[in-house]
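The structure appears right after this line, and notes come after that.
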Amino acid sequence: MTAPRPDTPRKVLGRLSLPERTYVADALRTETVGGVLLLAAAVTALLWANIPALHDSYESVSHFHFGPAALGLDLSVAHWAADGLLAVFFFVAGIELKRELVAGDLRDPKAAALPVVAALCGMAVPALVYVLTNVTGGGSLAGWAVPTATDIAFALAVLAVIGTSLPSALRAFLLTLAVVDDLFAILIIAVFFTDSLNFAALGGAVAGLAVFWLLLRGGVRGWYVYVPLALVVWALMYNSGVHATIAGVAMGLMLRCHRHEGEAHSPGEHIEHLVRPLSAGLAVPLFALFSAGVVVSGGALADVFTQPETLGVVLGLVVGKALGIFGGTWLTARFTRASLSDDLAWADVFAVASLAGIGFTVSLLIGELAFEGDQAMTDEIKAAVLAGSLIAATLATVLLKMRNAKYRRLWENEERDEDADGIPDIYEEDDPAYHERLADLYERKAAEHRRIAREKAAARHGLAEVPGGAGDDHHRPA
């Protein structure tokens with residue numbers, strides 16, 4: 001009687017499936033471009049707000065009001081950016097989450113455990129760091145949620161700027177972390193930053209969402225149906241007292257993200273492909289433009305590291321995020337008896353965890369909600385978010401650059417396609433037809449090299465038969 005074979009240990013951050021790798025590559029490509037625009041918008045906002053000759057114009061534009069007052073929508077430009085444009089961002093986040101739950105890594109409970117636990121720890125530990133800092137320093141606990149969010153676009157912009165060839169498994173881990181992170185950030189906003197409710201408006205928003213769902217299930221098509229309905233739902237949600245971005249994520253979660261037979265893409269994937277560039281390239285950068293414009297001075301920067309509220313945000317982003325995500329990943333691997341991918345080391349996980357300390361977009365939004373009515377503290381919290389994100393980006397850059405040579409080798413191995421069939425070779429190693437194609441390719445190359453060798457040998461043999469000295473004597477003086 002043969003002994004039972006031990007279970008093969010599951011690998012943490014192992015190779016992605018080919019469809020998942022393709023999806024991640026497409027998503028990250030758009031987010032990277034959006035991240036560069038986000039970075040440019042943040043720098044522009046800081047310059048616009050801090051150059052004395054331009055400061056007044058920044059304030060005037062940010063606080064300029066427009067919109068139908070009768071509908072409760074006479075909002076400032078900054079308010080439209082935070083409540084309106086970010087609804088598009090959260091709509092895409094909702095689609096991403098739905099796709100992960102039905103077709104991505106989160107559909108498998110064992111595979112989902114890692115990013116979910118890592119994301120939860122990556123939110124709980126920064127909040128705990130903030131609370132401890134403010135309890136010991138006598139500060140306000142209102143900003144506990146500010147350092148809990150990760151900005152995937154900004155993180156990818158940093159990767160693009162520093163030029164690191166991060167393996168696809170680590171990039172996918174970062175993307176999934178951000179998706180789960182966005183979900184819990186939305187829950188935090190809905191639960192903790194809803195002061196009063198207008199039940200009539202909330203009931204109207206829920207009814208609108210029900211109509212949206214029924215139209216989707218009925219197979220109704222046409223942007224001219226869904227866009228006006230989405231605007232109505234958003235306006236009702238805004239007037240209900242619940243943060244208006246909740247409407248975006250709710251509609252995103254309703255889209256079908258699994259494919260029917262014969263479909264190249266599900267409706268959710270198709271709409272995400274259309275809307276993601278709008279979110280990453282316009283909505284989020286415009287939000288950054290009108291949220292990141294805080295006045296920075298030597299005194300203000302010193303206050304960031306001396307006031308408990310702002311210090312808590314900085315420590316939460318830089319220390320809490322790194323320790324939380326790394327610790328959550330290690331604990332998940334430890335208690336599920338999984339082992340890290342052979343291609344990676346725990347130092348790589350810590351570097352990515354440090355990169356997740358870039359908490360720009362949602363952190364700025366939560367900062368505005370947490371200290372609403374206290375403009376001075378809001379600006380100081382924004383400065384703390386900028387400082388913490390910059391420190392986290394610098395730390396992650398140093399750690400990733402130390403491993404960049406190895407990342408480049410892994411990336412080149414992932415991208416190699418010797419048989420030029422459009423599929424990376426590492427996904428075809430068990431396919432006999434792949435090896436037959438390579439054999440034919442190498443045989444053609446070998447035949448070509450033999451032909452060149454014969455021509456070179458013949459040329460060399462012909463030179464050797466030329467009578468020696470005949471040409472030399474012709475040039476000698478008499």
Side-chain angles (χ1 to χ4, degrees), residues 12-14 16 20-21 23-25 27-28 31-32 34-35 89-90 92-101 104-127 145 147-159 164 166-188 249 280 316-333 336 338 340-341 344 346 348-363 366 388-389 392-393 395-396 399-400:
V12 172
L13 301 179
L16 303 176
E20 186 70 8
R21 178 184 181 278
Y23 168 80
V24 168
L28 292 180
E31 291 288 356
T32 300
F89 166 78
F90 279 110
V92 173
I95 300 175
E96 286 179 335
L97 178 62
K98 179 69 173 290
R99 186 204 160 274
E100 287 290 337
L101 289 171
D105 287 344
L106 298 184
R107 74 184 187 279
D108 177 8
K110 289 183 178 179
L114 175 66
V116 170
V117 173
L120 283 173
C121 292
M123 299 184 81
V125 176
T148 60
T150 293
D151 194 313
I152 182 64
F154 217 135
L156 293 172
V158 171
L159 290 178
T164 184
L166 204 62
S168 59
L170 286 178
R171 289 179 182 261
F173 178 57
L174 187 61
L175 181 62
T176 308
L177 268 179
V179 170
V180 179
D181 193 288
D182 286 340
L183 168 66
F184 287 106
I186 291 162
L187 292 176
I188 287 172
V249 74
L317 289 172
V318 177
V319 178
K321 272 290 182 183
L323 292 181
I325 292 174
F326 178 82
T329 305
W330 186 87
L331 287 172
T332 304
T336 59
L340 191 65
S341 170
L344 302 173
W346 284 108
D348 302 314
V349 179
F350 188 80
V352 170
S354 300
L355 189 64
I358 300 173
F360 191 76
T361 304
V362 180
S363 290
I366 294 177
S389 298
L395 174 62
L399 295 175
L400 292 169

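Values below: every heavy atom of this structure, side chains too, minus hydrogens, waters and symmetry copies.
- Summarising the geometry of S389 relative to G359, their closest heavy-atom pair is OG-N, 3.2 Å, with the distance given to 0.1 Å.
- Smallest separation of non-hydrogen atoms from I325 and A356: CD1-CB, 3.3 Å.
- Atoms OG and CG, on S354 and L323 in that order, are 8.5 Å from each other to the nearest 0.5 Å.
- In this structure, the side chains of L183 and E100 stay at 4.5 Å or more apart for every pair of heavy atoms.
- Among all heavy-atom pairs drawn from A393 and I358, the shortest one is CB-CD1, 3.8 Å.
- Using a 4.5 Å cut-off on side-chain heavy atoms (C-beta onward), V117 and L331 make no contact.
- Separation of atoms OG1 (T361) and CZ (F89) is listed at 6.0 Å; rounding is to 0.5 Å.
- When all heavy atoms are compared, the tightest approach of G94 to V249 is CA-CG2, 3.7 Å.
- Summarising the geometry, atom CG belonging to L170 is positioned 10.5 Å from atom CG belonging to L355; distances are rounded to the nearest 0.5 Å.
- Summarising the geometry, atom CG belonging to D181 is positioned 12.0 Å from atom OG1 belonging to T176; distances are rounded to the nearest 0.5 Å.
- The minimum heavy-atom distance linking V362 with A185 is given by the pair CG1-CB, 3.8 Å.
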| task | For the pair F184 and T148, evaluate side chain to side chain contact (heavy atoms under 4.5 Å, CB included) and give the outcome as yes or no after the intermediate values. | result | CA-CA 9 Å; F184 287 106; T148 60; over 6 Å; no
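- When atom types are taken as modelled, the side chain of S363 and the backbone of P147 share no donor-acceptor pair closer than 3.5 angstrom.
- The distance from atom CZ of F173 to atom CG of L344, rounded to the nearest 0.5 Å, is 11.0 Å.
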| message | Test side chain to side chain contact (heavy atoms under 4.5 Å, CB included) on W330 and V349; report intermediate values, then the result. | response | CA-CA 9 Å; W330 186 87; V349 179; over 6 Å; no
| request: Please step through side chain to side chain contact (heavy atoms under 4.5 Å, CB included) for the pair L177 and T150, ending with a clear verdict. | output: CA-CA 8 Å; L177 268 179; T150 293; over 6 Å; no
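- Heavy-atom minimum distance, A351 versus L400: CB-CD2, 3.6 Å.
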